[in-house]
Structures are given as structure tokens and as C-alpha cells.
Visitor: 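This structure is in C-alpha cells; I'll ask about it shortly.
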Amino acid sequence: MSTVHPPEGTAGTDTRDRPARLTVGVVGAGRVGPALAASLQLAGHRPVAVSGVSDASRRRAEKMLPGVPLVPPAEVLQRADLVLLTVPDDALPGLVTGLAETGAVRPGQLLVHTSGRYGVSVLDPALRAGALPLALHPAMTFTGSPVDVQRLAGCSFGVTAPGELRLAAEALVIEMGGEPEWISEESRPLYHAALALGSNHLITLVAQSMELLRTAGVGAPDRMLGPLLGAALDNALRSGDAALTGPVARGDAGTVAAHIAELREHSPQTVAGYVAMARATADRALAHGLLKAELAEDLLGVLADEGTGTGSAPGDGPGTDADDDENGPEGNDR
């Protein structure tokens with residue numbers, strides 16, 4: 001097997017005068033695998049095989065890795081020194097076990113999965129067959145287009161690997177333009193839950209917000225939300241809970257009750273999420289001294305009523321005279 005050397009550059013480095021060092025294969029041509037393989041190709045490695053089941057994955061592989069043959073998973077392992085296992089989390093254990101049991105895994109082969117949930121223990125069947133296990137999870141959302149390769153520049157990767165492979169794992173991440181962040185085996189599920197909470201749920205919140213703005217008559221909700229959400233994200237990353245603003249943080253129970261009444265009329269499927277996030281926001285604002293205790297009681301009362309299905313009429317809730325001189329427009333983070 002070829003040796004992973006210390007990185008000579010990132011994904012944007014010109015490699016025309018440098019020979020390829022590792023042959024790379026991809027099992028699972030979803031949005032992630034082809035992008036990582038294309039990034040490794042820019043760093044001087046050579047994609048040689050990719051597997052994909054759906055028509056969409058095959059088209060994606062052809063676009064991102066032109067000229068690289070589409071072959072069955074076992075043949076990918078036969079051809080490649082470094083194999084990227086980029087399949088859904090729930091499919092990964094069965095895939096690894098199946099590849100190991102059929103003898104597809106070769107001793108000395110680098111086997112890399114990109115699941116955020118798992119560390120390297122999920123690769124134990126392949127390890128027993130002589131593979132070198134790595135878990136490299138890019139903390140990034142992927143589109144399945146060439147723009148993903150550019151977005152890897154500066155992207156953090158959650159890295160888990162045996163101690164003797166730590167330098168190799170970090171070198172591969174740096175070659176893809178990323179920043180390695182070491183995650184212990186036992187912390188992988190919590191790490192993944194944190195990323196899902198911050199990124200996946202954000203998309204749901206933003207999509208709901210845009211739908212509501214359209215219902216309210218806003219012609220370009222994306223243009224309206226862009227600066228607001230960008231500022232909210234920047235403030236949250238810089239200041240954490242101190243960046244909280246809005247009716248929940250200032251204890252405007254009447255405003256919150258009015259919001260809930262409007263949502264119940266125009267978009268009832270969003271009420272549960274609004275109430276849950278309002279409760280979480282109130283708890284954090286109260287704990288950090290942003291929400292006054294005397295206003296928190298009324299606010300939490302409104303939210304508790306919603307939890308029992310009684311609700312409050314718009315404007316009926318107390319707390320409408322709260323100070324708001326320090327608060328700006330409301331928005332969601334990241």
C-alpha cells in the first residue's frame with residue numbers, strides 16, 4: 001500500500017508535477033463521497049473506482065469524478081488503497097460486516113467512513129481483516145455539486161482513529177483543505193447530536209420562517225432573512241447566550257401569546273416547534289440573567305398553557321409593558 005506522507009498542500013494545490021500517492025475508491029456515491037474523492041484528487045491522489053446504486057448517485061459520480069469507473073463495492077476495495085465508505089449511518093455496520101465476510105478487505109488498506117455517529121469501532125470487522133480504520137466526518141452540509149469541494153476549505157472534520165494512525169488521519173483532512181478536530185470514540189454520538197441540532201434543525205426553522213413570511217405577503221423572504229440570520233449567527237458564535245434578543249428573552253408574554261395564536265390559525269404544524277424553542281430560549285435567558293424573574297413566570301405560564309392545549313388569546317397575556325430598549329429584531333441562529 002502507498003504511504004500517506006505529510007501534506008504538501010491543501011485541496012487547491014497545483015499537483016501537475018507531483019505523482020499520485022494513493023488510489024482512492026468510493027463506496028456510496030451520495031453527496032459526500034464524490035466531493036471528498038474530488039478533493040483528494042486535487043491534493044495528488046488518484047480516484048480509481050466508485051460504486052453507486054441509484055441513477056442520481058451514478059449521475060453525481062460521473063459529474064464529480066469524470067472518467068472514474070462505476071463498479072460494485074467489492075471491486076472498489078480491490079482497486080483502491082484508500083476506500084471512502086460514504087453510506088447512511090444505519091447502513092454502515094452491515095456494509096462493513098459484509099465486506100469483511102466476503103474477503104473484500106485487504107490487509108493494509110485504509111478504510112475511512114464519514115459517519116458522524118460512529119467512531120472506529122464500527123470498522124472492527126474490517127480491522128480484524130487487516131484494514132487500517134479511520135473516522136473522518138466533515139462538519140458540513142453537501143449539495144452533491146462541485147461547490148462542495150470549495151466549501152471543504154477550512155471545514156472542520158471530526159477525526160477518530162487509533163493512535164498510530166492519528167497523523168495519517170490528520171494529514172488526509174488537511175490535504176482536503178479541512179481542519180482536523182479530534183473526537184474520542186465515546187463522544188462521537190454526542191458530537192453528532194450537537195451538529196444535527198445546530199445544522200439540520202436550522203434548515204427546518206428557516207424553511208418554516210420563509211413559508212410564514214410568504215403567507216404574510218413578503219415577496220422575497222430569503223432576501224429579508226439573509227441579513228437578519230447572518231447577523232444572528234455571527235452574534236451567537238461570538239457571544240453565545242448573551243446574543244439572545246426578542247420577545248421571549250425580554251419576557252413579552254402577550255407578544256408570545258399573539259404569535260402562537262397566529263401560528264395556530266395560519267400554520268398549526270409550526271406551533272409545537274415554536275413553543276418548544278420558546279421554552280428552551282426562556283430557560284437559557286433566565287439562567288443567564290437576561291430574562292427578569294418576575295416576567296419569566298407569566299411567559300412560562302403562557303407556554304405551559306400551550307403545552308396543555310388551553311392557549312391564550314392574542315394580547316391577553318401579561319408582560320406587554322416590559323422594557324425593550326436593549327432588544328433588536330428576532331431571528332434564529334446558524
Side-chain angles (χ1 to χ4, degrees), residues 1-16 18-53 57-58 60-87 92 95-96 99 104-115 120 123 126 129-138 140 142 144-146 148-153 155 157 159 161 165 167-178 180:
M1 186 197 76
S2 303
T3 301
V4 178
H5 298 289
E8 299 175 30
T10 63
T13 302
D14 187 344
T15 62
R16 288 174 294 181
R18 200 152 36 88
R21 288 163 290 152
L22 288 172
T23 53
V24 178
V26 179
V27 176
R31 297 180 180 183
V32 179
L36 297 188
S39 185
L40 287 169
Q41 184 175 36
L42 289 175
H45 302 290
R46 183 166 59 93
V48 294
V50 59
S51 71
V53 177
S57 65
R58 290 173 177 269
R60 187 180 301 115
E62 291 170 355
K63 179 173 65 175
M64 299 285 290
L65 301 170
V68 177
L70 285 158
V71 299
E75 191 171 342
V76 173
L77 271 70
Q78 292 173 8
R79 298 186 182 198
D81 300 320
L82 165 64
V83 179
L84 301 171
L85 303 180
T86 52
V87 298
L92 182 60
L95 172 66
V96 175
L99 291 172
V105 178
R106 293 186 286 110
Q109 189 169 47
L110 280 167
L111 211 56
V112 179
H113 79 71
T114 59
S115 166
V120 293
L123 298 174
L132 306 178
L134 303 176
L136 308 179
H137 174 251
M140 177 60 63
F142 289 78
S145 68
D148 295 333
V149 179
Q150 302 171 19
R151 288 179 175 175
L152 287 174
C155 168
F157 279 66
V159 176
L165 294 177
L167 290 179
E170 291 177 346
L172 287 171
V173 169
I174 292 170
E175 287 187 323
M176 287 185 282

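Residue numbers start at 1 and run along the sequence shown.
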Visitor: What I'd like to find out is whether the side chain of Val112 reaches to under 4.5 Å of the side chain of Leu36, using heavy atoms alone.
Guide: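 In short, these two side chains do not touch, never coming nearer than 4.5 Å.
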Visitor: Any idea which heavy atoms bring Ala37 and Val26 closest together, and the distance?
Guide: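 Nearest heavy atoms, Ala37 then Val26: CB-CG2, 3.6 Å.
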Visitor: Look up atom CG in Leu136 and atom CE in Met176, then write down how far apart they are to the nearest 0.5 Å.
Guide: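 Result: 5.5 Å between the selected atoms.
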Visitor: Return yes if some donor-acceptor pair links the side-chain N/O of Gln109 with the main-chain N/O of Ala80 below 3.5 Å, else return no.
Guide: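 Yes; judged by distance alone, with no hydrogens or angles, the pair exists.
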Visitor: Nearest heavy-atom pair of Ala161 and Ala169: which atoms, and what distance?
Guide: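 Looking at all heavy atoms of both residues, the closest pair is CB-CB, 4.2 Å.
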Visitor: Any side-chain heavy-atom pair from Ile174 and Phe157 closer than 4.5 angstrom?
Guide: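 Heavy-atom side-chain distance check fails, nothing below 4.5 Å.
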Visitor: Quick one: which residue pairs count as a salt bridge (Lys or Arg N to Asp or Glu O under 4.0 Å) with a foot in residues 64-80, not counting sequence neighbours?
Guide: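 Of all non-adjacent pairs touching residues 64-80, those that pass salt bridge (Lys or Arg N to Asp or Glu O under 4.0 Å) are Glu75-Arg79.
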Visitor: Is any side-chain heavy atom of Arg21 closer than 4.5 Å to one of Asp81?
Guide: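 Side chain of Asp81 against side chain of Arg21, heavy atoms only: no contact under 4.5 Å found.
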Visitor: Once side-chain contact (heavy atoms from CB on, under 4.5 Å) is applied, do any residues pair with Arg58, and if so which ones, sequence neighbours excluded?
Guide: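 Checked Arg58 against side-chain contact (heavy atoms from CB on, under 4.5 Å); matches are Leu70.
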Visitor: Any chance you could lay out the side chain to side chain contact (heavy atoms under 4.5 Å, CB included) test for Val27 and Leu77, step after step, and finish with the verdict?
Guide: CA-CA 9 Å; Val27 176; Leu77 271 70; 3.9 Å; yes
Visitor: Is any side-chain heavy atom of His45 less than 4.5 Å from a side-chain heavy atom of Leu82?
Guide: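 Side chain of His45 against side chain of Leu82, heavy atoms only: no contact under 4.5 Å found.
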Visitor: So do the side chains of Leu40 and Pro47 get within less than 4.5 Å of each other, counting heavy atoms only?
Guide: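 Leu40 vs Pro47: side chains apart.
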Visitor: Does the side chain of Leu85 reach to within under 4.5 Å of the side chain of Ser115, using non-hydrogen atoms?
Guide: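 Answer no - side chains too far apart.
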Visitor: Which value, rounded to the nearest 0.5 Å, describes the distance between Leu134 atom CG and Leu123 atom CG?
Guide: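 If we round to the nearest 0.5 Å, Leu134:CG and Leu123:CG are 8.5 Å apart.
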Visitor: Suppose we screen for side-chain contact (heavy atoms from CB on, under 4.5 Å). Which residues come up paired with Ala131, at least two apart in sequence or across chains?
Guide: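 If we apply the side-chain contact (heavy atoms from CB on, under 4.5 Å) test to Ala131, skipping adjacent residues, the hits are Val105, Leu111, Ala126.
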Visitor: Are any non-hydrogen side-chain atoms of Val24 and Gln41 less than 4.5 angstrom apart?
Guide: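 Not touching, per the 4.5 Å side-chain cut-off.
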Visitor: In sequence, state the C-alpha distance, the side-chain angles, and the governing distance for Val149 and Met64, and then conclude on side chain to side chain contact (heavy atoms under 4.5 Å, CB included).
Guide: CA-CA 10 Å; Val149 179; Met64 299 285 290; 4.1 Å; yes
Visitor: Do you know the tightest heavy-atom contact between Ser51 and Pro72?
Guide: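 The pair with the smallest heavy-atom distance is CB-C, 4.1 Å.
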Visitor: Look up atom SG in Cys155 and atom CD in Gln150, then write down how far apart they are to the nearest 0.5 Å.
Guide: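 Rounded to the nearest 0.5 Å, the SG-CD separation comes out at 13.5 Å.
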Visitor: Closest heavy-atom contact between Pro180 and Glu170?
Guide: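 It is CB-CG, 3.9 Å.
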Visitor: Show the nearest heavy-atom pair for residues Lys63 and Pro146, with the distance to one decimal.
Guide: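 Smallest heavy-atom distance, with atoms named: CE-CD, 4.4 Å.
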Visitor: Using modelled atom types only, decide if a donor and an acceptor are shared between the side chain of Arg151 and the backbone of Phe142 within a distance under 3.5 Å.
Guide: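 Looks like no, no N/O pair under 3.5 Å.
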Visitor: Determine the minimum heavy-atom distance between Leu65 and Ala38, stating which atoms define it.
Guide: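 Shortest heavy-atom contact: CD2-N, 3.7 Å.
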